[in-house]
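Values in this document were obtained by computation on a predicted structure and should not be read as measured data.
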Amino acid sequence: MVNQVSLNASMRTNLLSLQQISKLQDKTQLRLATGLKVNSAIDNPSSYYTATSLSNRANDLSLLLDAMGQGVQTIQAANEGLETAEELLSQMKAVVEQVALSETEENTVVEPIADKSYFIDKVGENGAVVSTAEELRNAINSGKETICVYGNIDLGDISATGGLQLQENQKLVGVNYFGNYGDKGMALSNITATTSNTDNLINITEQGCLVSDLSFDFNGSDINSCVIFIDSVSADISNLNLTIENAVGIVSVNTGGIANVGGKIKIEGSNTCVGMASGVYGKINILTQSQVDINISGNDSVGFWGYGGDLDIAAGAEINMKIFGKGCSGIGIVGNMQLSGNIAIKTDNVSSAGIYGVTANITITQEAQIFLDCLGSGILQDTSSSSEILQGAKIAFKKDGQTKWYEVDEKYDTTGEMKLNADNFSTTLKTSAASAWQTAQEIIENQEDDVSYTKNISQESLIYQKQFNEALSQYDALINDSSYKGVNLLKEGSLKINFNEDKSSNLLISGVNVTSENLGLKAAEWKTQGDVQTTLDKIQEAKEKLRTAASELGNYYSIITTREDFTTRLINVLEEGADKLTLAD
């Protein structure tokens with residue numbers, strides 16, 4: 001029989017006490033070794049799992065904290081780019097201001113207005129300088145070759161006389177025809193008239209005539225009366241300001257009736273008006289480098305109207321047209337037209353069209369750049385018309401404040417009824433997206449009021465042009481380099497920063513576009529003081545946009561850093577809470 005140890009009650013109590021002390025020693029040793037009073041779920045399930053959850057959230061937020069820090073760095077990279085970009089703009093502004101300073105009044109070619117004797121010498125023995133209606137009529141009727149209008153001549157109601165009849169090779173000009181007299185020149189070369197009949201202010205039926213450097217105020221009876229009427233001959237028209245009411249500005253009619261329009265032409269019209277018109281077999285030629293600005297309001301008013309005649313806008317011509325009122329047609333062409341220039345047309349009536357062909361041939365060449373802001377159709381033709389849009393032509397449509405820019409990829413031609421607008425242009429023609437070009441409207445609005453009288457800048461000043469263009473090139477390079485980890489907030493890049501672990505709290509950082517193209521900064525091609533001033537204005541606008549962009553980025557920076565601080569404090573709270581549940585005392 002195996003011997004057994006017999007334990008009495010006292011011994012059993014002592015043994016159990018020793019076992020309990022051993023367990024407590026082991027637990028104490030573990031706590032001393034780990035620093036934790038809860039090492040596993042066995043120790044305290046509730047505390048263990050609660051602490052683990054708090055620790056996991058703290059770890060997740062720590063990772064988000066790193067992403068926030070990277071977001072801050074991305075903003076700082078963009079901000080550094082903005083600050084340096086503004087410094088470059090200041091540098092560019094200083095260069096342009098050097099040009100402006102070098103073109104001081106003492107260096108200008110603008111001359112003071114001289115007295116009549118000065119212009120008498122200019123026109124010569126077979127010319128005349130006129131200041132009254134009687135002098136003007138006598139000079140024309142006597143066949144004077146060059147007639148210079150000096151001052152404001154009011155012809156009154158021409159209904160009884162039928163207007164002025166120019167003779168062969170006569171030139172009717174203003175004082176600025178002989179030099180640059182600044183913006184005062186037009187005011188001293190003005191003709192005012194009215195008619196209650198269908199009379200024309202100036203009739204040209206003889207070859208070799210020129211009308212130049214004059215302003216006209218003409219109130220006609222209806223669109224059968226006009227300022228300049230050219231019948232069966234060719235005449236040159238340049239540098240005119242026309243203010244018309246119930247009339248047509250310039251008309252050419254019949255075979256050989258050709259108006260060669262050059263320089264700067266401004267036509268302001270009200271009531272029923274037409275800017276320029278070509279009658280049966282007549283023609284209007286808008287010459288290259290000319291600038292035509294037409295602003296007309298009134299029922300059935302039209303910018304260019306061909307009723308059986310032709311319109312040819314040459315490459316390099318700038319046309320800016322605003323036609324407002326019921327029944328307006330923008331360019332309303334009943335004859336043929338060939339468009340090659342830079343043309344901007346705005347109409348405000350749904351029944352109107354920008355380019356309108358009625359029994360006509362419409363040709364838009366590869367050199368055309370046409371900008372259409374029309375409530376009605378952009379390009380419209382009837383059933384008996386045909387159109388041809390050549391490969392390379394650029395056409396833009398503005399609708400609801402947005403502009404779509406197209407370049408024609410393949411020649412398009414069609415006969416019959418056709419409407420092209422912002423919604424169907426790219427589906428009707430084969431096109432590709434084109435980058436924005438400077439429209440005629442922008443070009444003309446950037447010019448001084450009297451472009452033909454603006455002083456050209458000196459050749460010496462053109463040395464600054466190269467310096468400006470080099471700085472502009474560096475500006476774009478700087479913007480390109482202002483990226484961080486592939487995100488460039490200065491070129492419309494974006495970055496999303498999450499502030500909590502389930503991504504329900506976040507901030508989308510939207511970048512800005514401060515490239516030179518988007519700010520309207522272009523390589524300098526200064527020709528006049530107006531060009532220089534335009535560049536200065538654009539630089540100032542660009543600086544203001546940079547400051548606005550810096551403010552936006554600064555707001556993002558403030559939000560993120562605030563959330564960074566909050567997240568850091570929250571992580572500490574979570575970790576402290578977990579420690580209170582698990583750390584040994």
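Environment of NZ in Lys430: sparse, with no more than 12 heavy atoms of neighbouring residues, nucleotides or ligands closer than 6.0 Å. More than 12 heavy atoms of other shown residues, nucleotides or ligands fall within 6.0 angstrom of atom CD in Glu470.
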### Task
In sequence, state the C-alpha distance, the side-chain angles, and the governing distance for Ser504 and Asn500, and then conclude on side chain to side chain donor-acceptor pair (under 3.5 Å).
CA-CA 7 Å; Ser504 62; Asn500 62 5; 2.8 Å; yes

### Task
Check the pair Ile539 / Leu521 against side chain to side chain contact (heavy atoms under 4.5 Å, CB included), numbers first and verdict last.
CA-CA 7 Å; Ile539 291 175; Leu521 295 172; 4.0 Å; yes

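In this structure, Gln381 and Thr414 have side chains that are in contact, with non-hydrogen atoms separated by less than 4.5 Å. Residues Ile345 and Phe371 have side chains not in contact (no heavy-atom distance under 4.5 Å, counting atoms from C-beta outward). Residues Leu339 and Thr363 are not in side-chain contact: their nearest non-hydrogen atoms beyond the backbone lie 4.5 Å or more apart. The shortest distance between side-chain heavy atoms of Ile286 and Ile319 falls below 4.5 Å. Side-chain contact between Ile370 and Ile364 is present, with heavy atoms from C-beta onward closer than 4.5 Å.
Contact record, Met68 with Ile560: O-CG2, 3.7 Å, taken as the closest heavy-atom pair. Here the shortest heavy-atom pairing between Ile75 and Ile509 reads CD1-CD1, 3.8 Å. Contact record, Lys543 with Ser90: NZ-OG, 2.9 Å, taken as the closest heavy-atom pair.
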Would you tabulate the side-chain donor-acceptor contacts of residues 391-406 under 3.5 Å, counting partners in other chains and residues two or more places apart, or write 'none'?
{"from": "Gln391", "atom 1": "NE2", "to": "Asp409", "atom 2": "O", "distance (Å)": "3.2"}
{"from": "Lys399", "atom 1": "NZ", "to": "Asp423", "atom 2": "OD1", "distance (Å)": "2.9"}
{"from": "Lys399", "atom 1": "NZ", "to": "Asp423", "atom 2": "OD2", "distance (Å)": "2.6"}

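If you check the side chains of Asp66 and Gln70, you find no donor sitting under 3.5 Å from an acceptor. Donor-acceptor pairing under 3.5 Å is recorded for the side chains of Lys491 and Asn480. Side chains of Ser377 and Asn421: a donor-acceptor N/O pair is absent below 3.5 angstrom, by distance only. Between Ser473 and Asn469, the side chains place no donor N or O within less than 3.5 Å of an acceptor N or O (distance only, hydrogens not considered).
Annotation: the span from Leu553 atom CG to Ser558 atom OG amounts to 12.5 Å, rounded to 0.5 Å.
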